[in-house]
Amino acid sequence: MTTVRELYEESIRYEEKTLAHYILHLLQEGQVSLDDDADKIDFLQANHEKVAQMIVQNQLGFSDIKVFSLKYDDKLFAFVFAASQEEAIEFFQKKFKRNPKNCHEYPLDFPMSRGNEFLTFRDMRKEHSKFPALAGFYERR
């Protein structure tokens with residue numbers, strides 16, 4: 001059995017904005033408690049307009065920073081943390097004085113090898129306080 005608490009904590013950990021805000025709203029309204037079975041959550045009981053406002057206001061403080069892969073040349077890729085694809089491209093252009101060959105968003109939970117360790121982009125993002133930022137490079141062999 002998964003509890004509401006466990007589901008809520010996971011939704012925050014994995015930045016599932018909508019789910020986390022719905023659970024928070026249902027908790028605040030007394031529709032569920034943290035110790036309830038998560039299967040008992042009835043999202044139809046939620047005030048959807050209120051939850052939409054909570055998400056827009058970002059009451060839980062989620063980051064809107066994503067990670068993008070920008071192709072430098074045939075074998076080299078730069079990974080950039082940015083709020084949008086446009087912001088990532090602009091950062092790349094300023095930093096490297098050239099246009100990327102392409103730009104694709106990557107999942108934050110994608111693991112990358114760094115030295116002898118594997119980290120997700122979500123973990124790496126925590127190392128930065130200012131965005132856009134260069135996450136690193138990958139060279140294809």
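Sequential numbering from 1 along the given sequence is applied to the chain's residues.
Between the CD atom of Glu16 and the CG atom of Leu60 there is a distance of 12.5 Å, given to the nearest 0.5 Å. Between Lys95 atom NZ and Lys97 atom NZ the span is 9.5 Å, to the nearest 0.5 Å. Expressed to the nearest 0.5 Å, how far CZ of Arg125 lies from CD1 of Ile65 amounts to 7.5 Å. Going from atom NE2 of His21 over to atom CD of Gln57 covers 8.5 Å, rounded to the nearest 0.5 Å. With values rounded to the nearest 0.5 angstrom, Ser113 atom OG is found 9.0 Å from Leu119 atom CG. How far CD of Gln53 is from CG of Asn47: 8.0 Å, rounded to the nearest 0.5 Å.
For Phe79 and Phe68, the gap between ring centers reaches or exceeds 6.0 Å. In summary, the aromatic rings of Phe137 and Phe77 are positioned with their centroids too far apart to meet the 6.0 Å limit. Under the 6.0 Å cut-off for aromatic ring centres, Tyr22 and His48 qualify, their centroids lying closer than that.
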Please test Gln59 against His25 for side-chain contact (heavy atoms from CB on, under 4.5 Å), starting from the C-alpha separation and ending with a verdict.
-> CA-CA 11 Å; Gln59 287 190 4; His25 168 71; over 6 Å; no
Given Asp73 and Lys75, is the side-chain contact (heavy atoms from CB on, under 4.5 Å) satisfied, shown in steps?
-> CA-CA 6 Å; Asp73 63 27; Lys75 293 185 177 187; 4.2 Å; yes
With side-chain contact (heavy atoms from CB on, under 4.5 Å) as the test, would you mind laying out the steps for Lys66 and Tyr106 before giving the verdict?
-> CA-CA 8 Å; Lys66 304 171 183 113; Tyr106 261 63; over 6 Å; no
Begin from the C-alpha positions of Arg98 and Gln93 and carry the test side-chain contact (heavy atoms from CB on, under 4.5 Å) through to its verdict.
-> CA-CA 5 Å; Arg98 65 189 301 173; Gln93 290 167 330; over 6 Å; no
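A continuous path of ILVMFWY side-chain contacts below 4.5 Å connects Phe62 to Ile23, so both sit in one hydrophobic cluster. Using a 4.5 Å cut-off between side-chain heavy atoms of Ile, Leu, Val, Met, Phe, Trp and Tyr, with links allowed through other members, Val67 and Leu76 fall into different hydrophobic clusters. Cluster annotation: Phe43 is connected to Met54 through the hydrophobic network of ILVMFWY side chains, with a link wherever side-chain heavy atoms come within less than 4.5 Å. Hydrophobic clustering (ILVMFWY, side-chain heavy atoms < 4.5 Å, transitive): Ile41 and Ile55 are in one cluster. Neither Ile12 nor Phe121 shares a network with the other; the hydrophobic side chains, linked directly or stepwise wherever heavy atoms of I, L, V, M, F, W or Y lie under 4.5 Å apart, form separate groups for each.
No donor-acceptor contact under 3.5 angstrom links the side chains of Tyr14 and Arg122, judged on distance only. Between the side chains of Gln31 and Asp42, no donor-acceptor pair is found at a separation under 3.5 Å.
Here the side chains of Glu29 and Lys50 are in contact, with some heavy-atom distance below 4.5 Å. For the pair Glu90/Glu86, no side-chain contact is recorded, criterion being any heavy-atom separation below 4.5 Å from C-beta on. The side-chain heavy atoms of Val80 and Leu70, taken from C-beta on, include a pair separated by under 4.5 Å. Phe91 is listed as a side-chain neighbour of Leu134, based on a closest heavy-atom distance under 4.5 Å. In this structure the side chain of Tyr8 reaches within 4.5 angstrom of the side chain of Leu24, judged on heavy atoms. Inter-residue side-chain proximity for Val32 and Lys40 is flagged as unmet; no heavy-atom pair is nearer than 4.5 Å. Within the 4.5 Å cutoff, no side-chain heavy atoms of Val4 are placed close to those of Leu26. Between His104 and Gln85, every side-chain heavy-atom pair lies at or beyond the 4.5 Å cut-off.
Of all non-hydrogen atoms in His128 and Ala133, the two that sit nearest each other are ND1-CB, 3.6 Å. Taking both residues in full, the closest heavy atoms of Ala82 and Ala88 are given as CB-N, 3.7 Å, listed atom of the first, atom of the second, then distance. Counting all heavy atoms, side chain and backbone alike, Thr3 lies closest to Leu34 at CB-O, 3.7 Å.
A salt bridge links Arg5 to Asp35: at least one charged side-chain nitrogen sits closer than 4.0 Å to a carboxylate oxygen. Taking a cutoff of 4.0 Å between a charged side-chain nitrogen and a carboxylate oxygen, Glu127 and Arg114 qualify as a salt bridge. Salt bridge status for Lys17 with Asp64: present, with a side-chain N to carboxylate O gap under 4.0 Å.
With a 6.0 Å radius and a threshold of 12 heavy atoms from other residues, nucleotides or ligands, Glu117 has its CD atom above the threshold.
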